Amino acid sequence: MLVEQADITVVTPDGPMPAFWCRPARSGRLPAVLLLMEAFGLTAHICDVAIRIAQEGYVVLAPDLYYREPGNHTFGYDQVTAAMDLMWQLDFGPPMEADLSAAIAHLKSRPDVDRIGVTGFCLGGGLSFLAACRFSAEIAAAASFYGMVLDEWIEAVQDIAVPMLLFFGGQDPFIGGDRVQQIKTRFDQLGKPYGLQVYPEANHGFFCHERESYHPAAATHAWQTLMDFFRQHLSPET
């Protein structure tokens with residue numbers, strides 16, 4: 001499927017936020033996906049994932065969440081320390097919520113957009129979780145790939161009103177089994193709709209073929225599960 005793509009800016013309270021935008025090259029309204037980047041930034045890999053999602057029939061917006069920071073915003077996968085240092089400079093309170101709100105509002109303002117889903121990886125996985133907590137009234141579904149979830153976000157699961165899909169690797173050094181169980185227990189206690197996929201042999205970053213931790217079987221299964229999830233919850237007829 002042919003895909004239109006462009007570098008655009010999203011208006012936020014703190015100024016213009018660069019973003020990568022793409023959609024199938026056909027007319028009509030389509031469901032949309034807000035794609036949230038890894039700690040490594042708005043990399044070529046994230047743009048490739050955006051195009052893959054667009055090829056499945058979605059408008060996709062992938063913002064540069066480091067736009068407030070000076071200097072380099074993207075890192076190689078061997079630059080873990082530099083990427084993590086920049087990631088922890090982000091303010092995960094009102095500024096980040098304002099950025100997520102602005103990105104969702106941008107999609108909602110487009111005449112070619114129908115329902116909106118959110119997904120992301122690593123940093124973006126955690127922020128997909130946050131988006132479900134804070135913006136359930138604006139979106140239809142959220143999927144989180146190996147997101148590091150803050151304690152207050154687990155507490156805020158009570159505010160989630162959309163289906164969620166969670167992916168984790170059983171060998172992830174950043175997100176242990178106890179944390180995954182804590183998240184699962186919170187959803188179960190509150191009776192929230194969610195799906196959970198834990199790949200026992202997979203590590204953090206298992207979806208990205210450019211990383212040493214790439215796990216082809218887990219990545220393939222996760223992609224199909226994600227596409228099934230979005231078809232179920234974002235299709236106009238649902």
Side-chain angles (χ1 to χ4, degrees), residues 20 22 33-58 60 62 65 74-88 117-132 141-150 153-154 163-187 194-234:
F20 178 73
C22 56
V33 173
L34 174 59
L35 174 61
L36 301 174
M37 68 190 204
E38 302 168 295
F40 298 93
L42 185 54
T43 61
H45 168 68
I46 292 298
C47 293
D48 287 344
V49 174
I51 292 169
R52 285 181 66 188
I53 296 173
Q55 289 172 336
E56 297 289 335
Y58 300 88
V60 186
L65 299 172
T74 59
F75 303 89
Y77 289 110
D78 58 345
Q79 297 177 289
V80 176
T81 300
M84 295 288 282
D85 286 348
L86 188 58
M87 181 187 77
W88 290 120
V118 182
T119 192
F121 302 85
C122 179
L123 163 64
L127 295 178
S128 298
F129 197 102
L130 173 61
S144 168
F145 281 78
Y146 34 86
M148 289 183 278
V149 179
L150 302 184
W153 302 349
I154 295 178
M164 277 217 69
L165 180 59
L166 304 161
F167 297 96
F168 295 103
Q171 304 300 313
D172 192 327
F174 303 108
I175 309 163
D178 289 348
R179 189 61 159 180
V180 175
Q181 184 59 48
Q182 184 182 8
I183 294 168
K184 180 181 186 301
T185 298
R186 181 70 171 153
F187 275 90
Y194 77 103
L196 175 66
Q197 291 284 342
V198 179
Y199 300 101
E201 302 304 319
N203 203 327
H204 193 82
F206 68 78
F207 187 82
C208 177
H209 69 277
E210 297 181 19
R211 300 179 70 162
E212 291 185 2
S213 56
Y214 177 56
H215 193 291
T220 299
H221 184 271
W223 174 258
Q224 188 58 58
T225 303
L226 177 68
M227 291 298 101
D228 289 346
F229 177 74
F230 279 157
R231 276 192 292 271
Q232 179 181 358
H233 298 293
L234 300 186

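Treat the numbers as computed from the prediction; the structure is a model and nothing was measured.
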Could you tell me which non-hydrogen atom of [X] sits nearest to which non-hydrogen atom of [Y], and how far apart they are?
X    : Y    : answer
A219 : F207 : O-CE1, 3.7 Å
A50  : C22  : O-SG, 3.4 Å
G125 : S144 : O-OG, 2.7 Å
F229 : P163 : CZ-O, 3.5 Å

Mutual orientation of the aromatic rings belonging to Y199 and F167 [parallel < 30°, tilted 30-60°, perpendicular > 60°]:
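Parallel: the ring planes of Y199 and F167 meet at under 30°.
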
Describe, in one word, how the ring planes of F145 and F206 are oriented to each other, choosing from parallel (under 30°), tilted (30 to 60°) and perpendicular (over 60°).
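F145 and F206: tilted rings.
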
Checking side-chain contact (heavy atoms from CB on, under 4.5 Å) for the pair W223/E56: CA distance, chi angles, key distance, verdict?
CA-CA 11 Å; W223 174 258; E56 297 289 335; 4.0 Å; yes

When rounded to the nearest 0.5 angstrom, what is the spacing between [atom1] in [X] and [atom2] in [Y]?
X    : Y    : atom1 : atom2 : value
C208 : I46  : SG    : CD1   : 7.5 Å
H233 : D228 : NE2   : CG    : 10.0 Å
I183 : L166 : CD1   : CG    : 6.5 Å
Y58  : R231 : OH    : CZ    : 6.0 Å

May I ask you to test the [X]-[Y] pair for a side-chain heavy-atom distance under 4.5 Å?
X    : Y    : answer
L165 : F230 : no
M37  : T43  : no
M87  : E38  : no
F121 : V49  : yes
L86  : F40  : no
Q55  : I51  : yes
V180 : I175 : yes
L150 : F129 : no

Please check this pair: side chain of [X] against backbone of [Y], looking for a donor-acceptor N/O pair closer than 3.5 Å.
X    : Y    : answer
S213 : H204 : yes
T119 : A143 : yes
S128 : G120 : yes
Q171 : P200 : yes

Using side-chain contact (heavy atoms from CB on, under 4.5 Å), reason through Y146 and F174 one step at a time and then give a plain yes or no.
CA-CA 9 Å; Y146 34 86; F174 303 108; over 6 Å; no

Decide whether Q224 and T220 meet the rule of one side-chain donor and one side-chain acceptor closer than 3.5 Å.
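Their side chains do not contain a donor-acceptor pair, so the 3.5 Å distance test is not met.
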
Using distance alone, with no hydrogens and no angle criterion, decide if R179 and Q182 have a side-chain donor and acceptor under 3.5 Å apart.
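Yes, because at least one side-chain N or O of R179 sits under 3.5 Å from a partner of the opposite role on Q182.
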
Could you go through the side-chain contact (heavy atoms from CB on, under 4.5 Å) check for L127 and W153 one step at a time?
CA-CA 10 Å; L127 295 178; W153 302 349; 4.0 Å; yes

Run the numbers on L196 and F187 for side-chain contact (heavy atoms from CB on, under 4.5 Å), then give the verdict.
CA-CA 10 Å; L196 175 66; F187 275 90; over 6 Å; no

